[in-house]
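Let me begin by presenting the structure, written as C-alpha cells, before commenting on it.
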Amino acid sequence: MKKLLLTCLLGFITLPLLAESPYSIDLMGTGKAYLFHEGGWQRGAECIEAKVSTANLLKKDDMVIKAYFYGDSAEPMHVSERPTSVVLPNNSTLGIPMEIAKGKKHEFFFGIPSKIAQGGNKWRRVVVVFGDKSSVAARVYPKDDIASFNFPEKSLIKQ
C-alpha cells in the first residue's frame, strides 16, 4: 500500500515537469525584407523569419521573443531582444502584436546586424526563443542541437 501511495505521489509531482510547452516555433529561415533596422527603414535587409503559434492566449506584456546569433562559440555573439518591425507587401507594418490568440500563427522578423552579416565575424546559427516568463519553445537555424547553445531561457524549454 505504501509503495502504491509513493508511486502515485511521485506521478503527481513529476507530471507538471513532463508537460509540453504551449508554444511552438513552426518555421524558421532567412530572407530579405523592408525592415526598421539599425536606426532606419531598409529595403532588402537580411533577416531571420520565424513563424510561431501558441495553444493559449499570449499577451504582449507576458511575451518573450528573442533571437540569439552564434558564430563558432556556444556563447551568443549578438542578441536581438525583440523582433524588428517590417513593412508587408500590402504596405502595412507588422511589429509585436498586443496579443497572439490561441491557435493563431504570427510571423516575426529579426534583422541581421551588418557587423555579423558577412566576413570573418559572420553568424553561423541563430536560436529563436518564444513563449512567456515560465515556459518557452526554442529552435535553431540552420538545424542543430539546441543543447549546444547557451542562452538564459534554456531552462524554460518544455518541448
Side-chain angles (χ1 to χ4, degrees), residues 20-159:
E20 288 186 26
S21 172
Y23 307 108
S24 175
I25 301 171
D26 305 313
L27 182 67
M28 273 181 46
T30 57
K32 293 190 177 202
Y34 188 10
L35 303 174
F36 189 82
H37 181 55
E38 297 181 330
W41 288 100
Q42 297 180 21
R43 291 186 190 276
E46 288 188 60
C47 63
I48 300 297
E49 301 174 36
K51 192 172 282 192
V52 302
S53 60
T54 175
N56 303 323
L57 175 71
L58 180 59
K59 298 205 177 269
K60 181 178 182 177
D61 292 342
D62 299 325
M63 194 180 306
V64 173
I65 178 78
K66 296 180 182 180
Y68 294 89
F69 292 86
Y70 298 84
D72 295 326
S73 165
E75 299 302 322
M77 61 192 311
H78 177 80
V79 179
S80 291
E81 295 285 339
R82 51 181 272 158
T84 310
S85 294
V86 62
V87 174
L88 300 174
N90 66 2
N91 286 327
S92 64
T93 304
L94 179 66
I96 302 174
M98 293 306 291
E99 64 184 33
I100 298 177
K102 175 182 177 179
K104 297 290 182 186
K105 293 187 186 289
H106 189 81
E107 201 163 9
F108 289 105
F109 297 81
F110 294 93
I112 299 172
S114 56
K115 68 182 181 184
I116 63 167
Q118 55 193 358
N121 201 30
K122 183 175 173 31
W123 70 281
R124 306 280 184 251
R125 298 279 189 271
V126 62
V127 172
V128 172
V129 175
F130 171 67
D132 62 29
K133 294 165 183 75
S134 64
S135 173
V136 299
R139 190 162 175 186
V140 183
Y141 178 83
K143 191 173 177 128
D144 205 335
D145 181 11
I146 196 82
S148 302
F149 302 93
N150 296 327
F151 52 97
E153 298 83 4
K154 195 172 189 176
S155 64
L156 303 176
I157 297 173
K158 295 180 184 171
Q159 294 182 15

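The first residue in the sequence is number 1, and the count goes up from there.
- Ring geometry, Tyr141 versus Trp123: the interplanar angle falls from 30° to 60°, so the pair is classed tilted.
- In terms of heavy atoms, Cys47 sits closest to Ala33 at SG-CB, 4.1 Å.
- How far CD1 of Ile116 is from CZ of Arg124: 10.5 Å, rounded to the nearest 0.5 Å.
- Heavy atoms of other residues, nucleotides or ligands lying less than 6.0 angstrom from CG of Asp61 number 12 at most.
- Contact check for Asn91 versus Tyr34: no side-chain heavy atoms found under the 4.5 Å cut-off.
- Taking a 6.0 Å sphere around NZ of Lys122, one finds it holds more than 12 heavy atoms contributed by other residues, nucleotides or ligands.
- Of all the heavy atoms in Lys105 and Asp26, the pair that sits closest is NZ-OD2, 3.0 Å.
- Residues Pro97 and His106 share a closest heavy-atom pair of CD-NE2, 3.5 Å.
- Taking the six-membered ring where tryptophan is involved, the planes of Phe130 and Tyr23 are perpendicular, since the angle between them exceeds 60° and thus also 30°.
- To the nearest 0.5 Å, atoms CE (Met63) and CG (Leu58) are separated by 4.5 Å.
- Under the 4.5 Å side-chain criterion, counting only non-hydrogen atoms from C-beta, Ile48 is in contact with Ile112.
- Atom CZ of Arg125 sits about 13.0 Å away from atom CE of Met77, to the nearest 0.5 Å.
- Distance check, rounded to the nearest 0.5 Å: CZ of Phe108 to CD1 of Ile96 gives 6.5 Å.
- Taking 4.5 Å as the limit, every side-chain heavy atom of Ile157 sits out of range of all side-chain heavy atoms of Ser21.
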- Item | Residues Asn150, Tyr68; criterion side chain to side chain contact (heavy atoms under 4.5 Å, CB included); working and verdict | CA-CA 9 Å; Asn150 296 327; Tyr68 294 89; over 6 Å; no
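- The two atoms that bring Gly95 and Ser85 nearest to each other are CA-OG, 4.1 Å, heavy atoms only.
- In this structure, Lys60 places its NZ atom where more than 12 heavy-atom neighbours from other residues, nucleotides or ligands lie under 6.0 Å away.
- With hydrogens and angles disregarded, a donor-acceptor distance shorter than 3.5 Å links the side chain of Thr84 to the backbone of Gly111.
- Side-chain contact between Phe36 and Thr93 is absent, with no heavy-atom pair separated by less than 4.5 Å.
- Taking 4.5 Å as the limit, some side-chain heavy atom of Phe110 sits within range of a side-chain heavy atom of Pro83.
- From Glu46, atom CD reaches atom NZ of Lys32 across 5.0 Å, with rounding to the nearest 0.5 Å.
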- Task: May I have the step-by-step check of side chain to side chain contact (heavy atoms under 4.5 Å, CB included) for Met28 and Val126, ending in yes or no?
- Result: CA-CA 10 Å; Met28 273 181 46; Val126 62; 3.9 Å; yes
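- The environment of NZ in Lys154 is crowded: more than 12 heavy-atom neighbours from other residues, nucleotides or ligands sit within 6.0 Å.
- To the nearest 0.5 Å, atoms NZ (Lys133) and CG (Leu156) are separated by 11.0 Å.
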- Task: Apply the test side chain to side chain contact (heavy atoms under 4.5 Å, CB included) to residues Ile146 and Val127: give CA-CA distance (whole Å), side-chain angles for both, the deciding distance (0.1 Å), then the verdict.
- Result: CA-CA 8 Å; Ile146 196 82; Val127 172; 3.8 Å; yes
- Task: Determine, stepwise, if the pair Phe149 / Tyr70 fulfils ring-ring contact (aromatic ring centres under 6.0 Å, His included).
- Result: CA-CA 8 Å; Phe149 302 93; Tyr70 298 84; 4.8 Å; yes
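- Smallest separation of non-hydrogen atoms from Val140 and Pro142: CG1-O, 3.4 Å.
- Within 6.0 Å of NZ on Lys143 lie no more than 12 heavy atoms contributed by other residues, nucleotides or ligands.
- No side-chain N or O of Asn56 forms a donor-acceptor pair with one of Thr54 less than 3.5 Å apart.
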- Task: Start with the C-alpha distance between Val128 and Ile65, add both sets of side-chain angles, then the distance that settles side chain to side chain contact (heavy atoms under 4.5 Å, CB included), and finish with yes or no.
- Result: CA-CA 7 Å; Val128 172; Ile65 178 78; 4.1 Å; yes
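- Under the rule for a side-chain hydrogen bond (donor to acceptor under 3.5 Å, both in side chains), the partners of Ser114 that lie at least two apart in sequence or sit in another chain are Glu38.
- For Ala138 against Phe151, the heavy-atom pair with the smallest separation is CB-CZ, 4.0 Å.
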